[in-house]
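Let me begin by presenting the structure, written as structure tokens, before commenting on it.
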2 protein chains.
Amino acid sequence: MPKAAGYCYAVKKGRKTGVFDTWPECEAQTKGYPGSKYHKFPTRDKAEEYLRSPNEVFASTTRALVEHARLIAQPSPTNQLAVASTSARAPLPVPTQIDSDSDIVYSDGSCRGNGQKGSYAGVGVWWGSDDPRNLAERCPGDQTNNRAELIAIIRILETTPHSSRPLVIKSDSRYSIDCVQKWLPGWKRKGWRTAGGTPVKNVQLIKYLAALLDERHQKSGSKVVLQHVYGHQGEQGNEGADALANLGATLPEVPEPDWDALRRAVETAMRKKAVEEAVSAPFGATATTTQLVVQETKPPSTGFVEPADVDEFEFGLELLAGDDELLNEIEQG
Amino acid sequence: MPKAAGYCYAVKKGRKTGVFDTWPECEAQTKGYPGSKYHKFPTRDKAEEYLRSPNEVFASTTRALVEHARLIAQPSPTNQLAVASTSARAPLPVPTQIDSDSDIVYSDGSCRGNGQKGSYAGVGVWWGSDDPRNLAERCPGDQTNNRAELIAIIRILETTPHSSRPLVIKSDSRYSIDCVQKWLPGWKRKGWRTAGGTPVKNVQLIKYLAALLDERHQKSGSKVVLQHVYGHQGEQGNEGADALANLGATLPEVPEPDWDALRRAVETAMRKKAVEEAVSAPFGATATTTQLVVQETKPPSTGFVEPADVDEFEFGLELLAGDDELLNEIEQG
RNA sequence: AGACACCCAUUCGA
DNA sequence: TCGAATGGGTGTCT
């Protein structure tokens, strides 16, 4: 509540451009300047990043995306099934250029009127300006912010081919990250009950997301880094995903996939691979256990984003051991 | 989110005047035209009403008001006390003609540079063109838009004699109306904390306003109707109050009244009356509990202002039962 | 009690 | 498009 000034103002269009420490300074550059563009940020870093980022990130991406999303979204005899099937969820073509050590992608969910009747939610995935892998989709099923955030991450994993490079997913949803990072093991143990004894929400989504992560680790051995970023800090990628999510929320309703079926399909594939490996190397070599690396950033109020803290979590076939449904299937099949 | 074009543009001063359906048409009449006056409206009705409304409703009122306001406002040995005392806040003379079933009055607050250092706020009350009860006053104390809006309503209640007819106060401040309409009971219960746990702002103002409403209900049994109107829709009364508020903001600073003292004075008077009534009619007759009627209008985007929905709220001695300070005073007095 | 999101509403202004 | 003044809520977990 203390109005402790600690803000910066980035002026992108104005008499002088640059970063200014006080509002009056910023105002002096923008007031009365036609088409001025400026923004408040909690840190100088963020302000500078905003200045560096291109002005119209999504303009050209948008139209194509809307069309793409509409096609997928509109229930019709020819594509209704496809939407809910895994095949329609196959990876998109990857751009040919490979330019960095790890793949970075932003996810975001939005939900107009969250908690209200008649709310509508959207999902956004942003790889870069004009990147064909970008997504703007209507959130299927219940329209809540948290579902949209989870599904955004799921959609990334569904549409991104495995690769040897780490995949860095940046989300501003602490909830989504914590679901897979810190709460999932306990939930498995305690039968998907919250600390308050109530059933965990969005279980199908969370289980499917966990399965997708497991699959990726098992197949490629590569890392998935879930990194939390604070929303609305001017970070280009987050803003991009946000805009795409808002766009997605305007699309027509879509049928909800059968998340459990999707998860089982993934798990079946994993089991096959596990069996093959066990057969070819039966000398006590345990199933692949890879790491889910979760990167943490400091909250924006600290002023600096320090070198990311890294928490590491065991992942892999743990799920097989903790899931009754799966054990049953294995026993019977 | 749909940018569904359905707007009209009224040009009051420009190359051609009238109502135009598109922004380019409107722009053509106004761009570069010195002193152009134009406005966007959601409906043609509103646009036409704006054109019909006299251009300078207040011109003749203004000079007298400025003088009047200056006299009241200027702190001087002879009137400084009067400003803060209830006696100086006595009702103004009412015009002799009585012309309708209920009294309608518009309130508005304005605040130049709201939130900035050096902002200055004004209070406007509009009864009609050239009505002597009109007010244009500088906002005392902190200069914020919301304080000005609250004080505008307070000033109406302070300066308007009780009457058997309902008093309709039209304000464009949803905040002010909600303060007394929907949030006040909860605030009393929860110790004047907001939903986020922070202290409610402008508490003295709100308490005093509530006391004035209670007093009015108790004394006269008449209704006070708080009606929300949307700002800048061309409604004459709202525009009038707006102009007066802007005028008030240009007046010199005024000392801030002791709102708590004012409230206590009102509450003391109420208690006396309550006691008298209890004595003269001790047969379980409860204290007067009247209704605060809150009228709601549709937002302007719907295009039509339908017959007002009416929500009714219990008011009256509830405050006596919920205010510890008061209970203490009663016990001691 | 805390955290991260998602918003909703009305103003006041530049 | 940007700022501030002000309030209300849900989604979710610990």
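Residue numbers begin at 1 in each chain, while the letters A, B, ... track the order of the sequences.
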* **Test item: B/S119 and B/R112 side chains (from C-beta on) under 4.5 Å apart, heavy atoms** => no
* Residue pair A/L135 / A/L244, side-chain heavy-atom distance below 4.5 Å -> no
Quick one: [X] [atom1] to [N] [atom2], roughly how many Å, whole number?
| X | N | atom1 | atom2 | answer |
| --- | --- | --- | --- | --- |
| B/Y120 | D/dA5 | OH | C1' | 17 Å |
| A/K117 | C/rC8 | NZ | P | 17 Å |
| B/Q143 | C/rU11 | CD | P | 21 Å |
| B/L150 | C/rC12 | CG | P | 13 Å |
| B/D142 | C/rG13 | CG | C1' | 17 Å |
| A/I151 | C/rC6 | CD1 | P | 16 Å |
| B/Y230 | C/rU11 | OH | P | 7 Å |
| B/I153 | C/rC12 | CD1 | P | 13 Å |

* Asked: Closer to the 5' end of RNA chain C via nearest nucleotide, is it B/D242 or A/D172?
  -> A/D172
Heavy-atom closest pair, residues [X] and [Y]:
| X | Y | value |
| --- | --- | --- |
| A/H232 | A/N238 | N-OD1, 3.3 Å |
| A/S107 | A/I169 | OG-CG2, 4.2 Å |
| A/T144 | A/A121 | O-CB, 4.1 Å |
| B/V123 | B/R155 | CG1-CG, 4.4 Å |

* Going by the angle between their ring planes, with limits at 30° and 60°, are A/W192 and A/W187 parallel, tilted or perpendicular? -> tilted
* Measure the acute angle between the ring planes of A/Y106 and A/W126, then classify it against the limits of 30° and 60° as parallel, tilted or perpendicular. => perpendicular
Tell me whether the OP1 or OP2 atom of [N] has a side-chain N or O from [X] closer than 4.0 Å.
| X | N | result |
| --- | --- | --- |
| A/R112 | C/rC7 | yes |
| A/H232 | C/rC6 | yes |
| B/S110 | C/rG13 | yes |

* Asked: How would you label the contact of A/N238 with the nucleic acid (heavy atoms, under 4.0 Å): base, sugar-phosphate, or nothing?
  -> nothing
* Asked: Base, sugar-phosphate, or nothing: which does B/D108 touch, judged by heavy atoms less than 4.0 Å apart?
  -> sugar-phosphate
* Structure fact -> Stem ranges of DNA chain D by first residue number, counting only runs of at least 3 Watson-Crick or G-U pairs under 3.5 Å, come to C:1-14 with D:1-14
* Asked: Does the B/R147 side chain pair with the main chain of B/D142, one donor and one acceptor, at a distance under 3.5 Å?
  -> yes
* Can you give one letter per nucleotide of nucleotides 9-14 of chain D, going 5' to 3': B for a protein heavy atom under 4.0 Å from the base, S for sugar-phosphate only, - for none? -> BBBSSS
